[in-house]
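Small disclaimer: the values here were computed from a predicted structure and weren't measured. Within every chain, numbering begins at 1; the chains are lettered A, B, ... in the order of the sequence lines, protein sequences first and strands thereafter. Hydrogens, waters and symmetry mates play no part in the numbers below; they use all other heavy atoms, side chains included.
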2 protein chains.
Amino acid sequence: MSSSISGKITQMLLDMLEQDGTTEIRRNDLAQSLGCVPSQINYVISSRFTPERGYIVESRRGGGGYVKITRVSLDFPTAIMHAVNSVGPSIDPLTARSCIMNLLAGDIIDRDAASLIAAALDENALRPIPYEYRDTARASILKQMLLAYSNNRKG
Amino acid sequence: MSSSISGKITQMLLDMLEQDGTTEIRRNDLAQSLGCVPSQINYVISSRFTPERGYIVESRRGGGGYVKITRVSLDFPTAIMHAVNSVGPSIDPLTARSCIMNLLAGDIIDRDAASLIAAALDENALRPIPYEYRDTARASILKQMLLAYSNNRKG
DNA sequence: TAAACTCAAAAGTCAGGGAAAGTCAAACGA
DNA sequence: TCGTTTGACTTTCCCTGACTTTTGAGTTTA
């Protein structure tokens, strides 16, 4: 994973977010220090730090430009509902995975639950399903599990 | 057995797993070093490193891709593994439910896990899947989840 | 002096090429 | 026969660079 440059960038951003859930970078400087082209930073951000995965990204061009990433953290019911609502009718494996990881990082779900949910949503588990139905099945299963988890916390 | 190329691949993977129960390979490199086509690695993995035998397989395509195999820890797994093996390639909702209940009653899994697994296997969750594939999907998901649970119970 | 006009410095967009694993069905062999 | 072997084709993900857009600052102009 972190053998790829994108993996390194991701890890670096996650490390920076670890502090207080927010980080501000200069795109060109970061690219320079990592030995990649600037646009790869955009690739990483747009593929991994999406709203759907629990991040908001702000930026500004021109002189003194910046890119700012913030991890949204919510209380339990809100976070679960937000996750359920943001999933939509279909979700791909990677997005599902980081959705789970984000809930885990925000202490919304515990490690055991994260592991179980991840297993249920993994491509391997869903392999018997024809390709065209997999992502919709994944979304449905994810929502059901999150709701079940939510119900369990109350009762 | 090990006169066949598949046998050699199997042995090699087992050796690599010997260390700490997990190994990460580059499919093309391994195929290269063993003098076989890459897709034969898939054949070996899908025929020998199955959930029934206690293995979890993860992978990723594209640049920096990998295949990771994890042997589930055999701490007190016999009950779990027995359940995995008794499921078969397909399972209906009622049988799945009683399987979960049995594991719960026998203190093999805890209440939270039972609830999550039940949610994932519920007809509602699997509704987007065409009827003919639902039971096989359910079986696959169940096995993957049990394996993940078992794997987590080691720490 | 204030509005308008450069200009360079940032970030964004996009399409294409490449790398790696997955799929599948046909051929093969003990 | 049934498990093995193969390779053509697909899918996913990564990386790059050329081009565009936005912004702030400094400069010019009425």
Worksheet item: Can you pull the contact range of chain B along DNA chain C, 5' to 3', using atoms under 4.0 angstrom from its heavy atoms?
Response: C/dA19 to C/dT23
Worksheet entry | B/Gln32, CD atom: more than 12 neighbouring heavy atoms under 6.0 Å | no
Worksheet entry | Over 12 non-hydrogen atoms of neighbours within 6.0 angstrom of CZ in A/Arg127 | yes
Worksheet item: Could you state the CD-C1' distance from A/Glu123 to D/dT10, rounded to the nearest angstrom?
Response: 14 Å
Discussion item. Quick check for you: to the nearest 0.5 Å, what is the distance between B/Ile56 atom CD1 and B/Asn151 atom CG?
Written reply: 4.5 Å
Fill in: Main-chain N/O of B/Gly88 paired to B/Lys143 side chain as donor or acceptor, under 3.5 Å
yes
Discussion item. Heavy-atom count check: over 12 atoms from other residues, nucleotides or ligands less than 6.0 Å from A/Tyr133 OH?
Written reply: no
Worksheet item: Starting at the 5' end of DNA chain D and moving along, which residue's nearest nucleotide shows up first, A/Gly64 or A/Gly35?
Response: A/Gly35
Discussion item. Rounding to an integer number of Å, can you tell me how far A/Gln11 CD sits from D/dC14 C1'?
Written reply: 18 Å
Practice prompt. Have a look at A/Tyr66 and say if it touches a base, only the backbone sugar-phosphate, or nothing, with a 4.0 Å heavy-atom cut-off.
Written response: sugar-phosphate
Worksheet item: Of the residues in residues 53-63 of chain A, which ones touch DNA chain D at a heavy-atom distance under 4.0 Å?
Response: A/Arg60, A/Arg61, A/Gly62, A/Gly63
Discussion item. What's B/Asn28 touching, base or sugar-phosphate or nothing? Going by heavy atoms closer than 4.0 Å.
Written reply: sugar-phosphate
Worksheet entry | Whole angstrom value for the distance that separates C1' of D/dA18 from CG of A/Asn42 | 14 Å
Discussion item. Under 4.0 Å, heavy atoms only, any strand: does A/Ser39 hit a base, just the sugar-phosphate, or nothing?
Written reply: base
Discussion item. Please determine whether a side-chain nitrogen or oxygen atom of B/Tyr43 lies at a distance below 4.0 Å from atom OP1 or OP2 of D/dT4.
Written reply: yes
Discussion item. Within the 4.0 Å heavy-atom criterion, would you say A/Ile41 contacts the bases, only the backbone, or no part of the nucleic acid?
Written reply: nothing
Discussion item. In whole Å, I'd like the distance from the CZ atom of A/Arg134 to the P atom of D/dT11.
Written reply: 12 Å
Worksheet item: Mind checking whether A/Phe76 and A/Tyr149 have parallel, tilted or perpendicular rings, split at 30° and 60°?
Response: tilted
Worksheet item: Nearest-Å distance, CD (A/Gln40) to C1' (D/dC14)?
Response: 7 Å
Item to complete: Check whether any side-chain N or O of B/Ser6 sits under 4.0 Å from OP1 or OP2 of D/dG3, and answer yes or no.
Response: no
Worksheet item: About how many Å separate SG of A/Cys99 and CD1 of A/Ile91, when rounded to the nearest 0.5 Å?
Response: 5.5 Å
Item to complete: Please identify each residue that fulfils side-chain hydrogen bond (donor to acceptor under 3.5 Å, both in side chains) with A/Glu52, with sequence neighbours left out.
Response: none
Worksheet item: Starting at CZ of B/Arg26 and ending at C1' of D/dC13, how long is that distance when rounded to a whole Å?
Response: 12 Å
Worksheet item: Which atoms form the tightest heavy-atom contact between A/Arg48 and A/Tyr43, and what is the distance?
Response: NH1-CE2, 4.4 Å
